[in-house]
Amino acid sequence: MLPVNFPSAFCALVWYSLSTSVGCKGLEKYRIKGGVRLSGAVDISGAKNAVVAILPAVILSDEPCRIENIPHISDVSTSLKILEKLGAKVEHIDPHTVEIDPRTVDKIEVDHDLAKSMRASYYFIGALLGKTGSARVPMPGGCWFGERPIDLHLKGFHALGAESVQLEDGIIEMHAEQLLGNSVYLDTVSVGATVNIMLASVRVRGMTVIENAAKEPHIVDLANFLNTMGADIRGAGTDVIKIRGVQQLYGATYSIIPDQIEAGTYMAMAAATGGDVLVRNVIPKHLESITTKLDEMGARIEEMDDAIRVRCEGPLHCCNIKTMPHPGFPTDMQPQIAVLLSIADGTSTITEGVWENRFRYTEELQKMGAQVEVDGNRATFNGIEKLTAATVKAVDLRAGAAMVIAGLVADGVTEIEDIRYIERGYEDIIEKLSRLGAKVERVSD
Ligand code: EPZ
């Protein structure tokens with residue numbers, strides 16, 4: 001067994017048990033005193049949307065895997081707990097590294113409460129189906145943006161030969177006597193369906209072709225991890241992914257890519273506060289659409305190999321944004337950039353091109369004085385001089401990040417409730433912001 005560095009493994013275990021058992025109750029909140037220009041450097045953590053796909057993928061291996069650069073977020077601790085309840089052995093090597101042995105997985109049903117606490121729990125369907133031919137997984141929870149169907153996931157599983165049994169209280173049960181490679185066209189570009197079909201098909205005899213596939217960085221990261229284990233996946237990052245099934249997958253050591261959206265969020269914070277921030281441990285290519293828009297709004301962006309410096313002296317300029325699947329402007333940066341448009345010169349618009357209802361957070365921004373009107377999938381912002389502090393809610397993960405940005409720029413002390421959403425996706429956000437000079441604290445009612 002691998003040598004375990006006890007002290008760091010111990011503190012990782014403490015974090016892990018706390019974040020799964022105690023977590024942050026609904027009564028905890030952030031308190032932010034606005035008006036500070038952020039300055040200094042921030043290190044970006046591993047990508048949430050990559051790690052929540054890669055952890056279930058370990059089930060497909062015939063040997064233990066070591067995953068590095070995992071972020072300290074509750075979606076990770078939940079995924080690890082699901083793996084343990086399925087029978088896998090999880091060992092914390094250090095605060096950002098786990099070793100998972102899937103050889104002892106002996107169940108096909110995912111814990112109901114854990115599945116409901118995040119969106120990506122449904123990736124265990126593809127992984128369990130691909131490894132065992134069966135899966136029983138409750139409909140996932142996660143952020144609400146209106147209807148979040150899974151018809152394209154099921155279309156992919158059925159194309160491979162699986163039968164689905166929709167049981168009472170929303171449990172999805174899939175069985176397959178034999179899975180065979182097939183072609184699947186995704187009517188809508190879907191990250192989740194692309195991930196799930198990849199997971200279900202990687203050990204399936206024959207060729208599976210996913211057409212109109214999602215191209216996000218986390219799709220490529222999953223494909224790279226699976227190929228490191230011995231899979232044969234080509235085309236990830238394009239809209240046609242070809243997966244030639246293999247009979248065996250081997251143990252691997254793999255490091256998660258930096259989080260594109262966490263990086264974009266800190267870039268937006270730097271621009272919003274008129275600061276000067278070096279955002280380190282990034283892949284600039286993943287941030288091109290965000291960099292382009294911040295530049296258009298008047299920020300000064302300097303790209304290095306694995307870092308981006310964001311400065312902003314003058315006022316922000318208005319602009320129009322349309323969110324699209326990658327490489328378009330990411331929908332997961334939509335609420336954050338909306339805060340900048342709320343205080344930019346002139347009138348700006350955001351057109352939401354992915355989700356049917358991702359503007360709920362604007363009601364919270366209006367409590368802080370933002371002049372914003374929502375009409376269907378378009379929001380129009382008339383920029384104002386300053387936001388005013390208020391008590392607001394994090395209505396979902398990225399909306400919560402937007403409230404943090406609003407608190408950083410508002411006059412006075414803003415309190416943000418329901419911070420559990422934020423801590424699903426942002427590692428050590430209070431510590432990282434404090435190191436940038438922000439006046440933020442986490443308090444309990
Ligand atoms: C992933 O969600 C991300 N979550 C979301 O990030 C992100 O907003 C989204 O991709 C788009 O980039 C994770 O990766 C864990 P989709 P997912 O399937 O997979 C429709 C965050 O903040 N659709 O790409 O659920 C769907 O309604 C989270 O980190 C179907 O019609 O999104 C939507 O309109 C929030 N049928 C569009 O496709 C399906 O079967 C894109 O959804 C599946 C999706």
Side-chain angles (χ1 to χ4, degrees), residues 24-36 119 141-146 148 261-262 264-266 268-269 271-273 316 318 321 323 330-344 347-352 354-426 429-430 433 438-445:
C24 41
K25 298 289 174 237
L27 296 180
E28 293 197 291
K29 54 191 176 185
Y30 292 153
R31 187 173 290 153
I32 304 176
K33 183 170 179 354
V36 174
R119 179 75 190 166
C143 300
W144 187 90
F145 311 127
R148 290 186 77 173
I261 305 302
E262 185 196 18
T265 302
Y266 283 98
M269 289 169 172
T273 59
L316 292 166
C318 59
I321 289 175
T323 67
T331 177
D332 293 345
M333 276 297 299
Q334 190 254 83
Q336 299 92 308
I337 212 76
V339 180
L340 277 69
L341 299 181
S342 303
I343 54 173
T347 299
S348 307
T349 62
I350 294 180
T351 306
E352 173 55 46
V354 174
W355 296 107
E356 64 178 293
N357 179 358
R358 193 170 193 166
F359 287 120
R360 286 191 301 148
Y361 66 88
T362 55
E363 291 166 22
E364 301 302 309
L365 276 184
Q366 285 166 338
K367 291 177 188 172
M368 300 178 77
Q371 303 292 313
V372 48
E373 282 177 30
V374 176
D375 177 10
N377 72 338
R378 172 166 296 189
T380 302
F381 300 80
N382 291 311
I384 59 171
E385 183 75 26
K386 267 242 180 259
L387 294 173
T388 307
T391 297
V392 290
K393 289 187 184 311
V395 295
D396 61 55
L397 164 57
R398 306 304 174 183
M403 295 305 116
V404 172
I405 301 175
L408 290 171
V409 300
D411 252 348
V413 178
T414 296
E415 294 199 338
I416 303 171
E417 300 173 337
D418 293 342
I419 58 171
R420 65 188 181 285
Y421 286 111
I422 303 171
E423 301 197 342
R424 278 190 45 216
Y426 286 91
I429 187 169
I430 296 297
L433 279 173
K439 295 196 180 348
V440 299
E441 57 178 342
R442 194 192 207 175
V443 296
S444 297
D445 256 353

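Note that this is a predicted model, so its numbers are computed, not measured.
- Separating the CD1 atom in Ile422 from the CD1 atom in Ile429 is a distance of 6.0 Å, to the nearest 0.5 Å.
- Atom CZ of Arg442 is separated from atom CZ of Arg31 by 13.5 Å, given to the nearest 0.5 angstrom.
- Among residues two or more places apart in sequence or in another chain, the salt bridge (charged side-chain N to carboxylate O under 4.0 Å, His left out) test is passed with Arg398 by none.
- Residues Met333 and Ile261 are in side-chain contact: their nearest non-hydrogen atoms beyond the backbone lie under 4.5 Å apart.
- Proximity of Met269 to Val404: side-chain heavy atoms (C-beta onward) are separated by under 4.5 Å at one or more points.
- Contact check for Leu340 versus Ile405: side-chain heavy atoms found under the 4.5 Å cut-off.
- Shown here is Glu373, whose CD atom has no more than 12 heavy atoms of other residues, nucleotides or ligands within 6.0 Å.
- Residues Leu408 and Ala438 come closest through the heavy atom pair CD2-CB, 3.7 Å.
- With contacts defined as side-chain heavy-atom distances shorter than 4.5 Å, the pair Glu415/Ile32 does not qualify.
- For Ala399, the side-chain contact (heavy atoms from CB on, under 4.5 Å) partners at least two apart in sequence or on another chain are Tyr361, Val395, Asp396.
- Of all non-hydrogen atoms in Ala390 and Lys367, the two that sit nearest each other are CB-O, 3.8 Å.
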Exercise for the section: For the pair Val339 and Leu387, evaluate side chain to side chain contact (heavy atoms under 4.5 Å, CB included) and give the outcome as yes or no after the intermediate values. Expected result: CA-CA 9 Å; Val339 180; Leu387 294 173; 4.1 Å; yes

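- Closest of all the heavy-atom pairs between Lys386 and Val409 is NZ-O, 3.5 Å.
- A pairwise comparison of heavy atoms in Gln334 and Glu352 identifies NE2-OE1, 3.0 Å as the closest pair.
- For the atom pair Lys33 NZ and Thr414 OG1, the distance stands at 10.0 Å (nearest 0.5 Å).
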Exercise for the section: Evaluate the salt bridge (charged side-chain N to carboxylate O under 4.0 Å, His left out) criterion for residues Lys393 and Glu364: first the C-alpha distance (whole Å), next the side-chain angles of each, then the deciding distance (0.1 Å), finally the verdict. Expected result: CA-CA 7 Å; Lys393 289 187 184 311; Glu364 301 302 309; over 6 Å; no

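- If you take OG1 on Thr265 and CD1 on Ile337, they are separated by 9.5 Å, rounding to the nearest 0.5 Å.
- Between the CZ atom in Phe381 and the CD1 atom in Ile321 there is a gap of 9.0 Å [rounded to 0.5 Å].
- Of all heavy-atom pairs spanning Gln336 and Tyr426, the tightest one is NE2-OH, 3.3 Å.
- Defined by atom type and a distance below 3.5 Å, a donor-acceptor pair is missing between the side-chain atoms of Glu417 and Thr391.
- Closest non-hydrogen pair, Phe359 versus Gly376, comes out as CD1-O, 4.0 Å.
- To the nearest 0.5 Å, atom CZ of residue Arg424 and atom CG of residue Leu397 are 6.0 Å apart.
- Looking at Thr380 and Asp375, their side chains never come closer than 4.5 Å, going by heavy atoms from C-beta outward.
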Practice task
Please assess Glu423 against Arg420 for the test salt bridge (charged side-chain N to carboxylate O under 4.0 Å, His left out), listing each intermediate value before the final yes or no.
Solution key: CA-CA 5 Å; Glu423 301 197 342; Arg420 65 188 181 285; over 6 Å; no

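- Between Thr323 and Trp355 the shortest side-chain heavy-atom distance does not fall below 4.5 Å.
- Between Arg358 and Asp332, the closest side-chain pair of non-hydrogen atoms falls below 4.5 Å.
- You'll find the side chain of Tyr30 stays beyond 4.5 Å of the side chain of Val440, heavy atoms only.
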Exercise for the section: List the steps, then state whether side chain to side chain contact (heavy atoms under 4.5 Å, CB included) holds for Glu441 with Ile430. Expected result: CA-CA 6 Å; Glu441 57 178 342; Ile430 296 297; 5.6 Å; no

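- Side chains of Asp411 and Thr388: a donor-acceptor N/O pair is absent below 3.5 angstrom, by distance only.
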